[in-house]
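Remarks on the structure that follows.
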Amino acid sequence: MTADLARRAAELRDQINFHSYRYNVLGSPVISDAEYDKLYHELKTLEAEYPELVTPDSPTQRVGSDLSEDLPKVRHPAPILSLSNAFSIEDLQAWEERNLKLLPADTPLSYTLEPKLDGLSVVITYENGTLVQAATRGDGEQGDDVTANVRTIRNVPLKIPVNPDGPRPPQWLVVRGEVLFHKKDFAALNQKQASEGLPLYVNARNTASGTLKQKDSRITAGRPLTAYLYNIVAAVGYEWDSQWDALNFLRDMGFPIAPDAGFFPALSDIIQQLPTWESRRNQLQYEIDGVVIKINERRIAEELGFAGKDPRGAIAYKFPAEEMTTRLIGVTVNVGRTGKVTPTAQLEPVFLGGVTVVNASLHNYDQIARLDIRQGDTVIVKRSGEVIPYVIGPVVGARDGSEIAILPPETCPFSGDKLVQPEGLVDWYCPNPRCPERVYRSIEFFVSRGAMDIEGMGGQTVRTLIEKGFIHDEADIFTLQRDALLELDGFADKKVDNLLASIDTARQRPLAQLLASLGIDGVGEVVAGALATHFGSIDALMEASVEAVDAIEGIGPILAQSVVDWFADSQHRTVLDKMRQAGVKMQAEARVRAGTRLDGLTFVLTGTLPTLSREQASELIESHGGKISGSVSKKTSFVLMGDSPGSKADKARQLGIPVIGEAELWDMIGENPAESRSNPQPNPTQPSLL
Ligand code: IVH
């Protein structure tokens, strides 16, 4: 062992002690939980390898305490423990190997996999089925008495079994679970704060903790906390053999159990599940920071005992950090195609969710003011899944007084126009539709993948074409000349030919796709499809009245007005005329009816299908009489789900709407996909025009 390692251990001890003081005593942490975990894990690993480095004052030698001075104390019937962490599959395998070495040869182990709920632990006691006490974890030996507050949590049963015909409750039962805010409830709580002009809450877990430890339980009752139970701490009158049995027993008694827990016969099955969990994470209604893996056999788990303070029978597998702290060094102002001004944070580079992040969204200036985010602040940044990284809020405790307030600019940095904030909106807008940045963003959107999909024309090419004066609007793309394109840097013959070919292809895009690419407020794929089917041509749309548009199912009066206004605008009409001159298709094709099997059925699409694109699936459904809708409601007949589905699949399950895959769709229409694709024309023997 080198002196370097001893020095590193001392450094880690100091850092961890400092951050634990900031968190537990001052209530103002200056680093994220993930950063704290990382320091702690490093120290633990170091001490495990070199036990001589363990000192009595090492933070690993005590269980953290969250006891509050204001609340009476409750002694727990058994220690309320924490878990050791795994950060990789190798860590998990090493955990199992260590356990197997301590057990008789060939001991079979099965496991439960549960979400690691990101809330705070609560311990609840029932006597003869009645809730008599609830406490926080505290220091693991004793916790704060929060009985009155826990009684206000609506999904915590005050009496078990909840179903009077259910099994008899044990004489005495102590259960452990997690108290948290569902994501939507936390958002609603913040919306309420905002509407009352109050500061926003930054962190759901800290807010849940503060809420649970209120001295006045009326405050707790006013905030929508939720609880999920996951362990039996002690019981008289009930015995259980496995964690899975315990979870089922808790469910039978009427306790809320995290719906996503599962049983797996081997660790390898669990390891297979992990990537799915990481991607599902964003769709769950609660925040998780990992999963908890528990040895299912209770006797074996108890026999294994402890490693330090942590039970060997369970482990927390932590996902890569989604939140980190870093410094906000500046703010850039972006103007979108609608004129909306969005401030973007420039950050000191920070490694987050697997990538280095240097920019993050600050949402809008109202939000900046409400969260009191200042330039120079240490801020918490979050990046989860596909979501653009955003600034959650400032770390107020890390300020040194040099931070500067962030205010909206008075004028558009691109056009110089005075910015406006429409009444009732939080965003500021550049009001000038000819603002060069707005024009650029509109064209960039028009050519993009989800829109007219002009391959080979990225944002940079659009910028150069504008700068050189070759294009001024979307229509000019269709009259671009070969010689002009050859002038562009890096555009040789072949590249120019390819680009011209993709522009030619785009000329023939279906009317619905053209409509969805024009950037009309509120007109996405689904509305554009409905408009194209109903009106059949741009000409007809130009003549349409608000009443005629409003009459289409799924389009309300506000959207109808916005569509009619858009087509009445002379500038827009000029662009459309130019497109027509340039040979862009402006009429829907008479659609051939392929069948009637889906008549009266409404479908919602989510995820990537194995063989059909979204457009193809929509066309197929519509050609068989079905309708496409953008969101799941009670009126939805089926959700057609592919890989990496969004929240629509969850919503469907909640509403009990059947979720089908592509194969089932083919079955429903009675077609064979292979035949259909080799002969894309629907059955020619019975054509009927829609
Ligand atoms: S079991 C010995 N199960 O994570 C049993 N804990 O890092 C230890 N947590 O303090 C707890 N979800 O607050 C368990 N399904 C779950 C959990 C869970 C969240 C929390 C709990 C614990 C911490 C450990």
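Every value quoted in this text rests on a predicted model; they were computed, and no experiment measured them. First listed ligand is number 1; within each ligand, the first listed atom is number 1.
The salt bridge (charged side-chain N to carboxylate O under 4.0 Å, His left out) contacts involving residues 80-104 comprise nothing, where partners must be two or more places apart or lie in separate chains.
The pair Glu42-Arg8 meets the salt-bridge criterion, with a side-chain N (NZ, NE, NH1 or NH2) lying under 4.0 Å from an Asp/Glu carboxylate O. We find that Asp185 and Arg223 are not joined by a salt bridge, their nearest charged nitrogen and carboxylate oxygen being 4.0 Å or further apart. Under 4.0 Å is where a charged nitrogen must lie from a carboxylate oxygen, and between Glu178 and Lys116 no such pair does. Ionic pairing of Lys183 and Glu287 is not present here: no N-O contact between side-chain nitrogen and carboxylate oxygen is shorter than 4.0 angstrom.
The residues lining ligand 1, counting any heavy atom closer than 4.0 Å, are Leu81, Ser82, Leu83, Glu114, Pro115, Lys116, Leu117, Ser121, Arg176, Glu178, Tyr230, Asn231, Val292, Lys294, Pro311.
Taking the six-membered ring where tryptophan is involved, the planes of Phe255 and Tyr126 are perpendicular, since the angle between them exceeds 60° and thus also 30°.
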